Undergrad: 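My questions all concern the structure below.
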Amino acid sequence: MIETPSLVDQYCHGVLRTELGLGTFEAHLGRGEGPPAPGTTFFDTQTGFAVRRWCPPLLGLEPHCPPARYLARRRELGVVEAGRRLLRGSGITTYLVDTGLADDLTGPAELASAAQSEAHEIVRLELLAEQVADTSGTVDSFLANLAESVHAAASGAVAFTSVAGVRHGLALDPQPPGPGEVRGAAGRWLAGRQVGGALTDPVLLRHLLWIAIASGRPLQLRCGTIDQAVHTDPVSLVEFARATAGLGTDVVLLHGYPYHRHAAHLAGVFPHVYADLGPALARTGTRAAGLLAEFLELAPFGKLLFSTGARGLPELHVVGARLFRQALGRVLGEWVADGAWSLSDAQRVAGMIAAGTARRVYGLGGA
Amino acid sequence: MIETPSLVDQYCHGVLRTELGLGTFEAHLGRGEGPPAPGTTFFDTQTGFAVRRWCPPLLGLEPHCPPARYLARRRELGVVEAGRRLLRGSGITTYLVDTGLADDLTGPAELASAAQSEAHEIVRLELLAEQVADTSGTVDSFLANLAESVHAAASGAVAFTSVAGVRHGLALDPQPPGPGEVRGAAGRWLAGRQVGGALTDPVLLRHLLWIAIASGRPLQLRCGTIDQAVHTDPVSLVEFARATAGLGTDVVLLHGYPYHRHAAHLAGVFPHVYADLGPALARTGTRAAGLLAEFLELAPFGKLLFSTGARGLPELHVVGARLFRQALGRVLGEWVADGAWSLSDAQRVAGMIAAGTARRVYGLGGA
Amino acid sequence: MIETPSLVDQYCHGVLRTELGLGTFEAHLGRGEGPPAPGTTFFDTQTGFAVRRWCPPLLGLEPHCPPARYLARRRELGVVEAGRRLLRGSGITTYLVDTGLADDLTGPAELASAAQSEAHEIVRLELLAEQVADTSGTVDSFLANLAESVHAAASGAVAFTSVAGVRHGLALDPQPPGPGEVRGAAGRWLAGRQVGGALTDPVLLRHLLWIAIASGRPLQLRCGTIDQAVHTDPVSLVEFARATAGLGTDVVLLHGYPYHRHAAHLAGVFPHVYADLGPALARTGTRAAGLLAEFLELAPFGKLLFSTGARGLPELHVVGARLFRQALGRVLGEWVADGAWSLSDAQRVAGMIAAGTARRVYGLGGA
């Protein structure tokens, strides 16, 4: 009843280019700091079951067929052809791709070609800063190059993202650090750093986030616990949200689960704050409808954004898209059937969350 | 199947006396620190959709009619007549009204008259203290007048409430401050204060809350995040709850969401602690039944209290009451249909939550 | 449709041996720090309603009969016979029993006999340390005896458990304390202690937990808020989980509610971490299915363990088992009916959670 003709995946990664065996495929279904426990498998998770439900039919197999059979068929088609069939079967028309991972994944252009879709780049701020550090000789040149790199990236990318910024930076202090503080931190970091060394200095992270805010491109910040054991309650972002209100740059809260109700609340409090549905729906399988309903408690309907958060396996793009579409249809459909919402309102809200709000926030056109 | 013949709204505010245009009406649907984001409207929220569902029929229109049409009809009737029709259509028979807002809203008597119902006053402690400060010359007279004012208010009001007390006071220290500490804090606050200046001093807030506890009137404390970006987990109240146990004064936790499960838990741990269902249901529209079910997990059924938390718009009183009644009927009705609860138990529990417990706690008679 | 032929209750206590009146029975339905509020009763809780639903038929009465009638019938049969009928009607085939309570409850052997089932002991570390302190003259002998006692207990018990360890120990520091630190803490504790004095010293608690980890027996740690007003977010255990990863000892998170989603998440992040469904289901009555669904969002299906957490009343073992079985059947049954899961997968997952995973983790055989 509720139709979502097009999907904009507002946060995902590319896919692997190599053939995968059962074990390497399984490893990409987990989110942990180790292998599955002895006697268990990551196929026995909501993600594993969802992959087995939605993906085999796209490769000509029965839903819920055994993992080994699915992997055999995947290898028979080859990683390129299997990836094409999966991505083209996902229903996603535009991918926004975080390219800041060390893994060898397809970039936006290659993903767009495989998926016969549009794709745009999201630039990860930490990686940008690390690349600048690798090629800058002095503190002065590092800081000048950093500002210029963020500025240059802003013209080509649809958004910036930061994984460490909230936990190691903003949760401690929301304000931009002063110039002397930044120079001191940069000096210490550069002096102690090997080529490729990661950026976790709180002063530099805050400096970087504030440069990004000044660029005007939407800034995606990771909160919540999915994909990392330590959590960051989005409420720790309140002061940063307050400090950046009215500057004209939107802030998108990624990965709110299990603090998604807090993230949705903040999206209602601050005009420039948005909340991502991403992994909260894509990683919880049969529970996606329940979680979508929780997001819809306090978030204004124009402040929620669909994504898959997929990484490495095109199966995860498929699963994220299918679960979202089904959840949206069920939740809104039930409210319409109940008389609580009108059908036209529900259609309109579905269109916003699936694509319209992302088109507006990221300036994608067609909004 | 489940009937709730009467509703006691245990926490709300009065309504505006002025005619409202589309923009001013919309502003009262939001809960944020700014206007709606560009390209969005506060009508696209659970509150907005619920108003459009429940209120147009009370003014002779179709449910879900466009906001502009509803506002035109509202102005056609006039704010007084529209308010009467809405309040009388809400099903609420008794309103407990927090009068401590700066806005020019109807007081208890005017609300009672418009609604053809009973109404009683809830006194906001911070406002009381500020009024006493405005008229007291010295620290000694301030402290004496404060104690007397709380005592006098206790004889006319049904309850005290505090908005800042938990966040700025009890979360730091649950115990009553000593006399010297109070005199010092009062001296500093009075010396630095302009007429009308707000009370946020943690020592004076704690002092005030402990005077209120001594009065014996129920004390309503705001927790949770609704209506403010910064949250106060009700668990920060554990030590205050422990310190006030057995003193004979009830404590009611307001605004628990998204910590409502914690609030419900505390209501089960401490005999004198109660939890308000208020905005958690009234602000989440189609999700009210889901939230009521979560409250009912750990809270003893005699420790939950209905309210609307409505403020400014009589539409919010209507929506809060309708959503509660529908949620109660669905949740308990389903459990009865399932054989998990007997019908007579469900009826009894519905009556407690809707009115009976409030009648007992606030001494309203008819319990 | 979903069958769970056998249930292993991975965490419970024994039952009382004395006849109970209405008031003493009611007291065991509460979880609080005081009696029920005036005008309320602990029978008006999810636990009370669940007891009235499931237990009367096992004693030959109608479901939902009045409490007084149920108690009269219970006394007519006598505590022994009523206990037998209830325990044998629970469907539990193996009980793991925490024997570390001061109350005079049946031990594993007596419970096994009454229930015609298997039972094994869980040793509570704090009690073990207190018993060692009662009989050790010096710091040296205390520390030597402590190590030996844990070692000896490990050969007879299926697991260790700690109630205070997370809140007073690990949340502060996850690492094992150094020998000098331990000696100092032991000296201070023994010097200031009366016979029977409780262990709350954070250094000794951490020392004790690390001895237990070295024993290789699974370690059950209490988190969450049920049964205590102060909460411990399982996320405070992240560093301890990281420090104990790869050592070969499993850690089971007890009592996660209302942080059960966090507990489930940690069970997905760390191979050796498991989450208990226990009181989150057993204490929430008609809401058990909703809570089970939330656990199943992020937890790998082989990392969740059924328990009743029952204590004192065999009615609580019955209720915990019935609510779990019904919730499992409903949640998984719905997902199968929806095509999201295959029936054979659902059966397999049900068997894991009900018994299989506990058999594997605790080495019970028959896994």
Side-chain angles (χ1 to χ4, degrees), chain A residues 233-242 245-246 248 250 256 258-274 290 292-304 331-332 334-336 338-346 348-349 352-353 356-357 359-361 367, chain B residues 26 29-50 52-54 56-57 62-67 224-233 255 257-261 279-291 294 319 322-323 326-327 330:
Chain A
D233 184 336
V235 172
S236 66
L237 276 170
V238 165
E239 292 309 322
F240 181 69
R242 202 164 271 146
D250 291 325
Y259 301 103
H260 49 286
R261 282 169 156 166
H262 301 63
H265 170 64
L266 290 185
V269 170
F270 296 104
H272 66 309
V273 172
Y274 290 77
L292 176 62
E294 292 183 359
F295 271 104
L296 288 167
E297 287 164 5
L298 283 198
F301 307 138
K303 302 300 276 309
L304 294 174
V331 170
L332 303 197
E334 190 191 307
W335 294 344
V336 170
D338 186 44
W341 287 24
S342 72
L343 178 58
S344 63
D345 279 331
R348 195 167 53 84
V349 169
M352 287 180 197
I353 301 175
T357 299
R359 292 194 180 285
R360 177 168 53 77
V361 167
Chain B
E26 184 194 352
L29 301 177
R31 296 172 316 278
E33 300 196 359
T40 75
T41 157
F42 289 146
F43 280 104
D44 286 347
T45 56
Q46 291 283 6
T47 299
F49 279 27
R52 287 177 52 220
R53 176 191 201 175
W54 295 110
E62 291 291 299
H64 302 297
C65 75
T225 68
I226 290 181
D227 289 330
Q228 62 187 28
V230 176
H231 68 302
T232 316
D233 184 336
H255 289 207
Y257 183 99
Y259 301 102
H260 48 287
R261 281 168 157 167
L281 275 64
R283 287 292 194 163
T284 59
T286 49
R287 287 287 301 153
L291 285 157
E294 293 183 358
V319 158
R322 294 296 174 98
L323 289 172
Q326 187 182 56
R330 286 187 181 186

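So that the names make sense, note that chain A is the first sequence line, chain B the second, and so on, each numbered from 1. Because the structure is predicted, anything quoted here is derived from the model rather than measured. Only heavy atoms go into these numbers, but all of them, side chains included; no hydrogens, no water, no symmetry mates.
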Undergrad: Are B:Pro35 and A:Pro271 packed together at the side-chain level, in the sense that at least one heavy-atom pair is separated by less than 4.5 angstrom?
TA: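 Sidechains of A:Pro271 and B:Pro35: in contact.
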Undergrad: Between A:Gly302, A:Ser342, A:Ser344, who has the most heavy-atom pairs with chain B when the cutoff is under 4.5 Å?
TA: A:Ser342
Undergrad: I want to check something: taking the side chain as every heavy atom from C-beta on, are B:Phe49 and A:Val349 in contact at a cut-off of under 4.5 Å?
TA: yes
Undergrad: So which atom in A:Lys303 and which in B:Ala37 form the shortest heavy-atom distance, rounded to 0.1 Å?
TA: CE-CB, 3.9 Å
Undergrad: Going by heavy atoms in the side chains, are A:Arg242 and B:Glu33 under 4.5 Å from each other?
TA: yes
Undergrad: Are the side chains of A:Trp335 and B:Arg287 in contact, using a 4.5 Å heavy-atom criterion?
TA: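 B:Arg287 vs A:Trp335: side chains touch.
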Undergrad: If we define contacts as heavy-atom pairs under 4.5 Å, which of A:Ala264, A:Gly339, A:Gly290 has the most with chain B?
TA: A:Gly339
Undergrad: For the residue pair B:Arg330 and A:Asp338, what are the closest heavy atoms and their distance?
TA: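 What the structure gives for the nearest pair is NH2-OD1, 2.6 Å.
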Undergrad: With a 4.5 angstrom heavy-atom cut-off, which part of A:Glu294 approaches chain B: side chain, backbone, both or neither?
TA: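 Both parts, heavy atoms under 4.5 Å.
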Undergrad: Hey, which of B:Thr45, B:Asp44, B:Thr41 has the most heavy atom pairs under 4.5 Å with chain A?
TA: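 That would be B:Asp44.
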Undergrad: Please state whether the side chain, the backbone, both or neither of B:Pro38 comes within less than 4.5 Å of a heavy atom of chain A.
TA: backbone
Undergrad: How many angstroms lie between CH2 in A:Trp341 and NE2 in B:His64, if you round to the nearest 0.5 Å?
TA: 10.5 Å
Undergrad: Taking the side chain as everything from C-beta on, heavy atoms only, tell me whether A:Asp345 gets closer than 4.5 Å to B:Arg52.
TA: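 They are in contact (side-chain heavy atoms under 4.5 Å apart), so the answer is yes.
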Undergrad: Looking at B:Pro258 and A:Arg261, what are the two nearest heavy atoms and their distance?
TA: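 Closest heavy-atom pair between B:Pro258 and A:Arg261: CB-CB, 4.0 Å.
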Undergrad: Looking at B:Tyr259 versus A:His262, is the centre-to-centre ring distance below 6.0 Å?
TA: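 Yes, ring centres under 6.0 Å apart.
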Undergrad: Ignoring hydrogens and geometry, is there a side-chain-to-backbone donor-acceptor pair from B:Arg31 to A:Leu298 under 3.5 Å?
TA: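 Such a contact is found between B:Arg31 side chain and A:Leu298 backbone.
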